[in-house]
Every structure is written in structure tokens, then in C-alpha cells.
Protein chains: 2
Amino acid sequence: MSNIKCIVSYNGTNFSGWQVQNDKRSVEGEIELALFKICKEEISIIGSGRTDKGVHSYGQTFNFKSNIEMKEEQWLKALNTNLPYDIRITNVEFVDDNFHSRFSCKGKTYQYILNQGDFDPIYKDIVYQYGKKLDIDKMIHAANMFIGKHDFQYFCSNSIDEVKDFVKEIYSFNIKEENNLIYFSVAGSGFLRYQVRMMVGTLIEIGANRKDETIISERLDKKGATTTSFNAPSNGLYLLKVEY
Amino acid sequence: MSNIKCIVSYNGTNFSGWQVQNDKRSVEGEIELALFKICKEEISIIGSGRTDKGVHSYGQTFNFKSNIEMKEEQWLKALNTNLPYDIRITNVEFVDDNFHSRFSCKGKTYQYILNQGDFDPIYKDIVYQYGKKLDIDKMIHAANMFIGKHDFQYFCSNSIDEVKDFVKEIYSFNIKEENNLIYFSVAGSGFLRYQVRMMVGTLIEIGANRKDETIISERLDKKGATTTSFNAPSNGLYLLKVEY
């Protein structure tokens, strides 16, 4: 029995998200369908975590077990042959039997891309078309406040029933500007639901001079009383890397 | 009666092309529908020419006439409010009564974008995912052969019934490489159907060492006997600019 680890890129536009949902097109569902075609049996895959509707990936990682004897490059080819073109497997690796895409995960990196220029229909599904100039220096300064271990309960949509521990560590949070585009890159131990989009959303509000950066210290570690309301749209978000 | 000239960007992915076709979603049809909503009457627009299914635009130009009294910026806003997000008007200008988007056209610039790297699902509809390294120097050299006035009958899909004159002038044909991407930019007096995609397709065959550059001199000005067979896919093609 091989334990097979795969890295997968996908364009999230035409998916209801990573997770299988009845009657809806999901990335996980399409991959399991491809595996069924290859293996002639139902195989469940384990993703490093979910991504929401519209979120893209260059680094999502999953694993599954199979008795079929194929080399890594044969799995890569078989999977891509049976997958739609908005999903591509970029790496296949046999791993230790104990490897588990979710439990073994040591960190993740996300990128968020925003266009300050005019609405661009060509990129409408893969870059958030914000359309106004943001104060990048203010955002860079504010982003540093997220770094370190913090309680992110006010920067997520998870309920207490769902998550025991809202403490996550942010390793780095970089922001750079190239022409009209702004690239946010955030690496951390793990992320709660909507956490990246709420952190980016908050930075956008600060960069737009709608909010002061104290809003971060007020919400971080539950020091204030309000949850973040502005969730930056999913189309600008990319899961770039999962670390093990 | 105002004569109104508009520049329009669109993502061609979900259109059957520029031209209205029964039951199919076309860019022209969507714009005429938006005008109907604004003007409460049927208005026909005149495009600078057609673009095929899947072809994108940052520069397509059209004009129409209307008695409605609105300023340029009001037309821009009214149109974009009534258009789907894969079409955006980027400029509106009142022009001389004689201006005609097709007949007044003095030249066009197209861009073609190709990815030599691994198939990228995020960009699958807006960059041709070729997936192999091409010899850029060979292509740059060969592209120069297109420059000047030539008969392009063997580089188009038009029939003699449809087009009287296959002679077109190419002003410039530039190719540059950035990381794994190749950008072809071609400017000319006008282009026949599939001409840009057939010229780019021929350059790809040369860059891949599948054909020698003499294939261009053989087909140009109908010196040989064969029409170009490889039509580079529409998803990499952009109408960048229409000159008047």
C-alpha cells in the first residue's frame, strides 16, 4: 500500500470550493472522480484543509493510499489525463505511511492579489478588482501587527463549537506593489476560515483610510468586542504553499 | 444626433465571439442589449471588425449613433452599469459624424501570449498553455519576414468570395520573452480572418524546430501551394489597439 502525496494547482472560479458537496462541482470531488477512473474503486483523498469557493491554488496538497503499482510520474500522468483543465497535479511523491496532509502540516503560505487600477475583465476571476489607490506604507506597517502568536477569533468565521483553539502564529506578512497590482503574502502555522481574507480586508480598510490601524490591536487577541466585517473577495486569494 | 466612439475590453472566454449569432452569447449582442436598456430602443453598433470565439480585447472599438443627450462620462457609466463584468467600456468619445469604426480604421495591433512552462490552470483561458521551450531567436528572425505589404491568402481562412484583396501591410512584429512567457506583438494595416493566429502558429512551428523559416516565404504572396494549417489557439490572442 503506497501513501501518495500530491500538489495541485487549480483555478477556483468554477468550483464550489475544495470540499465535496452534493450536486456541486468541487476540486476534491473531481480528483476523487479521476482516481475512480484510474483505480476502479472509490478512494478518499485527504486535503491539507479546505479552500472556499473561488479561491485558487498553486500549492494545495493532498494524499491518498492505493495498492496500485505505478511510479510517481505515472500517477502524475494518469491523474492529469483524467482531470479537467482547471485542475492540474504538479507533483506526486511517495511518502511515509504516517504522512497525513492535514495533521502533518507545519505551515501554509497564501497570496492575495489586488488591482488598484480600472476593472480588468480579463483578470476579473483571478485578481480582486478593487479599483482605487491604497496607501501601501500604511498597510505594510499595519500588517506587521499580525506577526507572532495571536488569538484570531475576531478574524475568522469559525464558531467556538467548531474550533477549540483560535491561536495561530503568523510567521511573515509581506506586501509589495507592482504597477497597479498589490501582492499580499502571508505565511503562518495554519489559518482559520476566512482568516486571510479578513486580515487582507482589514488592511484594505486601513490602506483606504477608512479605518485606523488600531482596529487590528483592538480585534487581535479578542481585546475589543467586534469581529472583522470586511472579507476580501475570494477571487484574489491563492493557496501558494503547504509546508511539512 | 451624436456619433459615439467606445473602446471596450473583454474576456472572450464565455463569448461565441464579437458578432451577434442566434442564441449565442456575443460581445456585440451584450453591448446592444445594454444600449437597449439605456435608450429604450434598438441600436446597432459598428465594430472595427470581428474577433473570434475566445479572443480577448483591450482595444476593440465600436461606434453608434444616438439622440440621447448625455455626456461622455455618463455614457461610460451607463454602459458599464448595464454590461456584464466580462465586458468593460474603457473610453467614450464623441466623434465626427463621418467616423465609422470599420471604414475609418487605419491599423490594428494584436498581442499573443504563450506559456512555455507547465500547464497553468489559473491562466488557461487567457494564455495559450503551450508547455514547451521555443527557440525565440529563430522566431524573431522569421517574424521579420512578415513585415511589409504581402498577399496573406495562405495565412487566412477567408474565401475569395468573401475578400477581394488579400494584400495587407504588417508594420511591426515583435517578440519578447519574460520568464516562461512569450509575447508576440503585431501591428498592421488590417488582418484577415485567423491571420494573426496563423502567423503565430507558423512561428511556433519554426520555434519548435518542426518547420524551417522558408515555410513563410513559400506561403507569403502565394508563392507556394499550401495554406497554413496550424492556427494558434484563440485563448492567447488579444486585440490591443485600433488606430484611426
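This is a predicted model, so every value here is computed, not measured. Below, chain A is the first sequence line, B the second, and so on; all start at residue 1.
Counted within 6.0 Å of NZ on K53(B), heavy atoms from surrounding residues, nucleotides or ligands total 12 or fewer; the atom is thus considered open. Counting heavy atoms of neighbouring residues, nucleotides and ligands inside a 6.0 Å radius, atom CG of D96(B) exceeds 12 of them. Residue N209(A) qualifies as enclosed at atom CG: its count of foreign heavy atoms under 6.0 Å is above 12. Other residues, nucleotides and ligands contribute over 12 non-hydrogen atoms within 6.0 Å of the OH atom of Y244(B). The neighbour count for K241(B) NZ, taken as heavy atoms of other residues, nucleotides or ligands under 6.0 Å away, does not exceed 12. Residue-environment remark: NZ (K65(B)) exceeds the threshold of 12 foreign heavy atoms within 6.0 Å. Atom NZ of K133(B) has more than 12 neighbouring heavy atoms from other residues, nucleotides or ligands inside a 6.0 Å radius.
Neither the backbone nor the side chain of D118(A) comes within less than 4.5 Å of any heavy atom of chain B. Heavy atoms of T90(A) lying under 4.5 Å from chain B are absent altogether. With a threshold of 4.5 angstrom between heavy atoms, I126(B) approaches chain A through side-chain atoms but not through N, CA, C or O. Looking at D125(A), there are no atoms closer than 4.5 Å to chain B (heavy atoms on both sides), in backbone or side chain.
Against chain A, the residues from residues 3-19 of chain B that qualify, each with a non-hydrogen atom under 4.5 angstrom away, are S9(B), Y10(B), N11(B) in number order.
Here the shortest heavy-atom pairing between F119(B) and R88(A) reads CD2-CG, 3.5 Å.
Between Y238(A) and I122(B) the shortest side-chain heavy-atom distance falls below 4.5 Å.
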